[in-house]
S.K.: 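Sending over a structure as structure tokens; questions will come in a sec.
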Amino acid sequence: MKESILGIPTDIVTLDEAVTRVQEMLNDNKPHFIASVNPEICLAAQENNLLKEILKAADLGIPDGIGIILASKLRRGQIRARVTGIDLMQSLVKLAASEKKSIYLYGAAEGVAAEAAANLTKAHPGLQIAGIQHGYIATEQEGEVAKNIAASKADMVFIGLGSPRQEFFVSHHGNATKAKVLMVVGGSFDVLSGRLPRAPQIYQRLGIEWLYRLLLQPTRLKRALNLPRFLLQALVKKS
Ligand code: UDP
């Protein structure tokens, strides 16, 4: 079941249900796109039709963050569980290791995805890393990246380029990667590499990881201010 907020569909799923859905995607013979639905991307999609169409076409849109839950509550919707991108990615990496599926990491500054891959392999011995590519390349080179992913025969691709670049990559080159599952993960490689600390449990439990990130990176203030703007629009606009 999906719920639409500002015209963007979000799946009403728990973390376990999302993992089950991905398990099914891995047995299907076409690429699937997992989007992260958060207040910022919903607002951005209001002004960017291509982004909006990409999000509407996603096979799974996870309710990534407290903002989506609050908006759903305000609209008397049913989304009550948060599924953050990094939590789903970690669960999918575990799934990949146990089902002998290979993963490809694309994005973040040079060296970061490699460090993330090393940490993931340590946590899941036997995990198959099909390939790694940093995210600071020209857009014109992205076709080449997709070809490399196809050649690597990766089953799952995690893309951490920031939004909307990561969603555009999936839209333009997702099919060419020939992967079964493509998931956008924002800045998750920075956290998984250990370069950026994840918010302590208390912030995670209260759903205020955004506050922790704001304290670490005060330049995100402008982005954080999108939350009240989003809630107001979600309350007054029909989707
Ligand atoms: N990034 C990238 N290529 C670019 C711009 C950004 O690989 O051209 C990476 C950046 O290094 C970071 C991620 O994309 O790892 C974006 O992180 P951000 O915190 O903006 O994403 P969020 O988690 O908020 O969605």
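Order of appearance sets the numbers: ligands from 1, and atoms from 1 within every ligand. Any value given below was found using the heavy atoms of this structure, including those in side chains, with hydrogens, waters and symmetry copies removed.
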S.K.: Quick one: do E40 and R220 make a salt bridge, cutoff under 4.0 Å?
M.R.: no

S.K.: Does E40 come within less than 4.0 angstrom of ligand 1, counting non-hydrogen atoms of the residue?
M.R.: no

S.K.: Over all heavy atoms of both residues, which pair between L227 and P39 is shortest? Give the atoms and the distance, please.
M.R.: CD1-CG, 3.7 Å

S.K.: Return the minimal non-hydrogen interatomic distance between G194 and N119, and the atom names on each side.
M.R.: N-ND2, 4.2 Å

S.K.: Would you check if there is a donor-acceptor pair between the side chains of N226 and R223 at a distance under 3.5 Å?
M.R.: no

S.K.: Give the single entry among G186, G65, A108, S163 that approaches atom 7 (O) of ligand 1 most closely by any heavy atom.
M.R.: A108

S.K.: Tell me, which protein residue and heavy-atom name are nearest atom 3 (N) of ligand 1, and how many Å apart are they?
M.R.: G135 O, 2.9 Å

S.K.: Considering only non-hydrogen protein atoms, determine which one is nearest to atom 10 (C) of ligand 1 and report residue, atom name and distance to 0.1 Å.
M.R.: Y136 OH, 3.3 Å

S.K.: Which heavy atom of the protein is the closest neighbour of atom 9 (C) of ligand 1, given with residue, atom name and distance?
M.R.: G160 O, 3.5 Å

S.K.: Check E110 against ligand 1 and report side chain, backbone, both or neither, counting heavy atoms closer than 4.0 Å.
M.R.: neither

S.K.: If we set the cut-off at 4.0 Å for heavy atoms, which region of R220 has an atom near ligand 1: side chain, backbone, both, or neither?
M.R.: side chain

S.K.: Considering heavy atoms of the protein only, find what lies nearest to atom 15 (O) of ligand 1 and give residue, atom and distance to 0.1 Å.
M.R.: D190 OD2, 2.6 Å

S.K.: Locate the shortest heavy-atom distance separating I34 from I62; write the atom from each residue and the value.
M.R.: CG2-CG2, 4.4 Å

S.K.: Could you tell me which non-hydrogen atom of F33 sits nearest to which non-hydrogen atom of E167, and how far apart they are?
M.R.: CZ-CG, 4.2 Å

S.K.: Need the ligand 1 atom indices (1-based, order shown) with element for anything under 4.0 Å from a heavy-atom of G107.
M.R.: 7 (O)

S.K.: Any side-chain donor-acceptor pair under 3.5 Å between E3 and S72?
M.R.: yes

S.K.: Which of parallel (below 30°), tilted (30 to 60°) and perpendicular (above 60°) describes H134 and Y136?
M.R.: parallel

S.K.: Please determine whether any non-hydrogen atom of F189 lies less than 4.0 Å from an atom of ligand 1.
M.R.: no

S.K.: How far is atom 20 (O) of ligand 1 from its nearest protein heavy atom, and which residue and atom is that?
M.R.: R223 NH1, 3.2 Å

S.K.: Which protein heavy atom lies closest to atom 23 (O) of ligand 1, and at what distance to 0.1 Å?
M.R.: G187 N, 2.8 Å

S.K.: Mark the output for H134 as yes if a heavy-atom distance to ligand 1 is under 4.0 Å, and as no if none is.
M.R.: no

S.K.: Work out whether the distance between some heavy atom of Q217 and some atom of ligand 1 is less than 4.0 Å.
M.R.: no

S.K.: Looking at R213 and D190, is there a salt bridge between them, counting it only when a charged N and a carboxylate O are closer than 4.0 Å?
M.R.: no

S.K.: Please report the shortest heavy-atom distance between A45 and L55, naming the atom on each side.
M.R.: CB-CD1, 4.1 Å

S.K.: What protein heavy atom is closest to atom 8 (O) of ligand 1, reported as residue, atom name and distance in Å?
M.R.: R165 NH1, 2.9 Å

S.K.: Of all the atoms in ligand 1, which lie at a distance below 4.0 Å from a heavy atom belonging to A109?
M.R.: 11 (O)

